[in-house]
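Comments concern the structure below.
One-based numbering, in listed order, for ligands and for the atoms of each. No experiment lies behind these values; they were computed from the predicted model shown.
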Amino acid sequence: MPECLFCKIVNGEMLAEDEDVIVIADIDPKAPLHALVIPRRHIATLNDLSAADDRLIGAMHRAAARLAREKGYADRGFRTLFNTNGEAGQTVFHLHLHVLAGRPLTWPPG
Ligand code: 5GP
Ligand code: ZN
């Protein structure tokens, strides 16, 4: 069932997982590496964090850095970012940390 979202994630898009997060490849990659670090627990946006989420946010960044290291981008360079709400372009309202690498990433972003 190649059209089934969950089959795609389980069979192909899952790059890593731990007790707090899963890491999947973005379906519409904006760089040679474009992954999403997603907490298992539902949090809609960065605006919805509480102090109790501090450890989770650390775990998300460590998962991103681990992925970049595994893919060979730790020293070359990579970018991590959260889009929050409309003007930043957030389209999926379950928190996710983008990890981009593999080409020169311009600054400032669009
Ligand atoms: P946002 O725009 O909310 O910051 O990021 C959402 C990301 O999720 C986008 O980069 C988009 O390409 C990705 N995305 C949307 N639907 C799917 C999907 O079904 N599977 C995967 N792997 N990525 C998705
Ligand atoms: Zn959710």
Side-chain angles (χ1 to χ4, degrees):
M1 252 280 240
E3 296 310 308
C4 170
L5 174 62
F6 287 173
C7 284
K8 282 195 303 184
I9 290 172
V10 168
N11 293 323
E13 296 174 13
M14 182 88 85
L15 299 175
E17 63 177 321
D18 65 22
E19 64 175 328
D20 297 310
V21 304
I22 71 163
V23 183
I24 65 171
D26 197 290
I27 202 169
D28 182 19
K30 300 296 192 287
L33 173 67
H34 186 178
L36 306 170
V37 180
I38 304 170
R40 294 185 186 276
R41 186 159 49 83
H42 183 88
I43 300 169
T45 83
L46 220 49
N47 291 327
D48 302 297
L49 293 178
S50 69
D53 301 316
D54 287 0
R55 199 187 66 83
L56 174 63
I57 295 300
M60 291 175 72
H61 284 84
R62 288 193 302 106
R66 193 180 314 125
L67 179 71
R69 170 75 59 192
E70 285 170 5
K71 298 292 184 184
Y73 297 116
D75 297 323
R76 259 179 81 175
F78 64 96
R79 183 168 294 164
T80 49
L81 67 94
F82 292 95
N83 291 321
T84 302
N85 283 338
E87 288 195 354
Q90 185 175 7
T91 57
V92 177
F93 288 83
H94 179 129
L95 198 68
H96 50 282
L97 179 60
H98 291 261
V99 186
L100 296 140
R103 64 171 173 82
L105 298 162
T106 57
W107 191 262

Ligand-side contact atoms (ligand 1) for residue partner [X], heavy atom cut-off under 4.0 Å:
| X | answer |
| --- | --- |
| H98 | 1 (P), 4 (O), 5 (O), 10 (O) |
| D28 | 12 (O) |
| L36 | 8 (O) |
| N83 | 4 (O) |

Pair D53 + R55, salt bridge at N-O below 4.0 Å: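 Salt bridge between D53 and R55, a charged N being under 4.0 Å from a carboxylate O: no.
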- prompt: So, are E19 and R40 salt-bridged, with charged N and O less than 4.0 Å apart?
  reply: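 R40 and E19: not salt-bridged.
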Please work out whether any backbone atom (N, CA, C, O) or any side-chain heavy atom from C-beta onward of [X] is under 4.0 Å from ligand 1, and answer side chain, backbone, both or neither.
| X | value |
| --- | --- |
| I27 | both |
| I24 | side chain |
| A88 | neither |
| K30 | neither |

Name the closest protein heavy atom to [atom], giving the residue it belongs to and the distance to 0.1 Å.
| atom | answer |
| --- | --- |
| atom 3 (O) of ligand 1 | T91 N, 2.7 Å |
| atom 19 (O) of ligand 1 | L5 CD1, 3.0 Å |
| atom 7 (C) of ligand 1 | D26 OD2, 3.4 Å |
| atom 5 (O) of ligand 1 | H96 NE2, 2.9 Å |

query: What atom name does the N, O or S atom of H94 nearest to the Zn ion (ligand 2) carry?
result: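 Nearest N/O/S atom of H94: ND1.
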message: Report the atom name of the nearest N/O/S atom of H42 relative to the Zn ion (ligand 2).
response: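 The nearest such atom is ND1.
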Out of curiosity, [X] [atom1] to [Y] [atom2], how far, rounded to the nearest 0.5 Å?
| X | Y | atom1 | atom2 | result |
| --- | --- | --- | --- | --- |
| D26 | L15 | CG | CG | 10.5 Å |
| L33 | R103 | CG | CZ | 11.5 Å |
| R79 | K30 | CZ | NZ | 14.5 Å |

query: Which of parallel (below 30°), tilted (30 to 60°) and perpendicular (above 60°) describes H94 and H42?
result: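 Perpendicular, since the angle between the ring planes exceeds 60°.
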Does some side-chain heavy atom of [Y] sit less than 4.5 Å from a side-chain heavy atom of [X]?
| X | Y | result |
| --- | --- | --- |
| L95 | V21 | no |
| H96 | F82 | no |
| V23 | L36 | no |

- prompt: Any donor and acceptor pair, going by atom type alone, linking the side chain of Q90 with main-chain N or O of N85 inside 3.5 Å?
  reply: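 Such a contact is found between Q90 side chain and N85 backbone.
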task: May I ask you to check whether H34 has an N/O atom sitting below 3.5 Å from an N/O atom of ligand 1?
output: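 Among all N and O atoms of H34, none is under 3.5 Å from an N or O of ligand 1.
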